[in-house]
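Written out below as structure tokens is the structure these notes cover.
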Amino acid sequence: MNEATAPTPSFGAERTDAVSVQAGEVVRHLTHELRQPLSTIESIAFYLRMVLREEPRALEQLGRVQQLVEQMNWVLSDAVHLIQAAPTNPQVLDLHELLTQALSDRPDSSARLQPDFTEETVLVRLDAAQAGHLIRSVILILSALAKDQDIIVRTRAENGEAFLEFLVPDLDAGQADLDRLFEPFAPGLISGAGMSLAGAKRIAEFNGGRMQARSESGRGTLLRSAFPLAG
């Protein structure tokens, strides 16, 4: 047998075609594999904080470790939602209850949030986990943009749609900068903002809604989501 016709050895494994590996499968696998070591790191940091409670410098560094673990978990969640790698479970939800829960679990407890909910009950059909991630993502990014400014959280129902609005009255941002915040991998005003807001926008669209941001001089910056009302 000559060299040209010799079979390529398989080494006991079938060849894997790169295009057969779906991005969602990769993200799901990475998320599954990384969650456990991240949880272990967080547990170790918690234990060391108790043991080293008399060491201020050590506690400061352990706090940074815990923040990094939280950041890495958030990035993994952003990736899952961006490419819709997780199955959805839409159900009828009270938008105000959903907001109240998400605001209580917000990643940035220093954000100055001012709820302004409509008096009527607003029912939407959404995946609860996805909707919660959308809300927290928006708050996280706007809190970084607005710093110590107030963020007004408004709801209303109109023409068969439920509107969820986040308004920063004293923030004037350029429209080009706001649009760039939705680009997953483009450099922007805030590190990681693109993936978070792109994922949030995908969540809105995947649940039959939409999301947009705009800024008007003297009126502030508004990020609005709209969803069909549950019938």
Side-chain angles (χ1 to χ4, degrees), residues 71 74-75 77-84 93 95-96 98-103 105-118 122 124 126-229:
Q71 180 181 354
W74 194 259
V75 169
S77 296
D78 283 340
V80 168
H81 291 298
L82 177 61
I83 64 174
Q84 294 297 325
L93 303 171
L95 182 58
H96 297 157
L98 182 66
L99 274 167
T100 300
Q101 179 62 43
L103 295 182
D105 295 337
R106 61 186 184 269
D108 183 1
S109 60
S110 65
R112 289 164 37 183
L113 303 173
Q114 305 293 332
D116 183 15
F117 299 167
T118 182
V122 180
V124 291
L126 299 172
D127 181 288
Q130 290 184 351
H133 188 81
L134 179 154
I135 294 168
R136 290 188 291 271
S137 293
V138 172
I139 292 173
L140 185 67
I141 301 306
L142 286 184
S143 297
L145 281 174
K147 300 190 186 306
D148 295 327
Q149 301 179 41
D150 291 337
I151 300 175
I152 300 174
V153 185
R154 301 190 304 209
T155 63
R156 60 187 175 90
E158 183 179 296
N159 298 326
E161 289 187 306
F163 291 91
L164 170 58
E165 300 176 338
F166 297 87
L167 173 66
V168 188
D170 298 323
L171 177 64
D172 289 329
Q175 190 61 47
D177 289 332
L178 290 179
D179 293 339
R180 194 160 57 247
L181 287 175
F182 289 96
E183 299 177 15
F185 310 115
L189 299 176
I190 304 171
S191 176
M195 185 173 289
S196 284
L197 286 187
K201 188 174 182 180
R202 284 293 301 274
I203 288 172
E205 294 171 348
F206 202 71
N207 285 272
R210 61 188 186 278
M211 175 183 287
Q212 62 181 1
R214 73 167 188 262
S215 182
E216 299 180 11
S217 179
R219 300 185 63 181
T221 295
L222 174 71
L223 200 152
R224 173 188 292 155
S225 300
F227 304 97
L229 289 170

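Because the structure is a prediction, the values reported are computed rather than measured. When a residue number appears, it is its place in the shown sequence, counting from 1. Side chains are part of it too, since the values below use all heavy atoms of this structure and drop only hydrogens, waters and symmetry mates.
Qualifying side-chain contact (heavy atoms from CB on, under 4.5 Å) partners for R210, counting only residues two or more places apart in sequence or in other chains: E161, F163, A226. Qualifying side-chain contact (heavy atoms from CB on, under 4.5 Å) partners for P169, counting only residues two or more places apart in sequence or in other chains: I152, L167. Partners of A128 under the side-chain contact (heavy atoms from CB on, under 4.5 Å) rule, at least two apart in sequence or in another chain, are Q91, L93. Residues meeting the side-chain hydrogen bond (donor to acceptor under 3.5 Å, both in side chains) test with T221, sequence neighbours left out: S215. Contacts of D127 classified as side-chain hydrogen bond (donor to acceptor under 3.5 Å, both in side chains), with partners at least two apart in sequence or in another chain: none. For D150, the side-chain contact (heavy atoms from CB on, under 4.5 Å) test picks out R112, Q114, with sequence neighbours left out.
When every heavy atom of L134 is checked against every heavy atom of A200, the shortest pair comes out as CD1-O, 3.3 Å. Between A213 and F182 the shortest heavy-atom distance is CB-CE1, 3.8 Å.
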Criterion side-chain contact (heavy atoms from CB on, under 4.5 Å) on R154 and L222, from CA distance to verdict: CA-CA 10 Å; R154 301 190 304 209; L222 174 71; 4.1 Å; yes

Steps toward side-chain contact (heavy atoms from CB on, under 4.5 Å) verdict (F166, L113): CA-CA 9 Å; F166 297 87; L113 303 173; 5.9 Å; no

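In the displayed structure, R219 atom CZ is contacted under 6.0 Å by at most 12 heavy atoms of other residues, nucleotides or ligands.
Here L95 contributes atom CG and L99 contributes atom CG; the two are 4.5 Å apart, rounded to the nearest 0.5 Å. The structure places CD of E165 at 4.5 Å from CZ of R224, a figure rounded to the nearest 0.5 Å. I203 contributes atom CD1, which lies 13.5 Å from atom NZ of K201 (distance to the nearest 0.5 angstrom).
When each of V124, L98, T155, V138 is checked for a side-chain contact (heavy atoms from CB on, under 4.5 Å) with L164, only T155 meets the rule.
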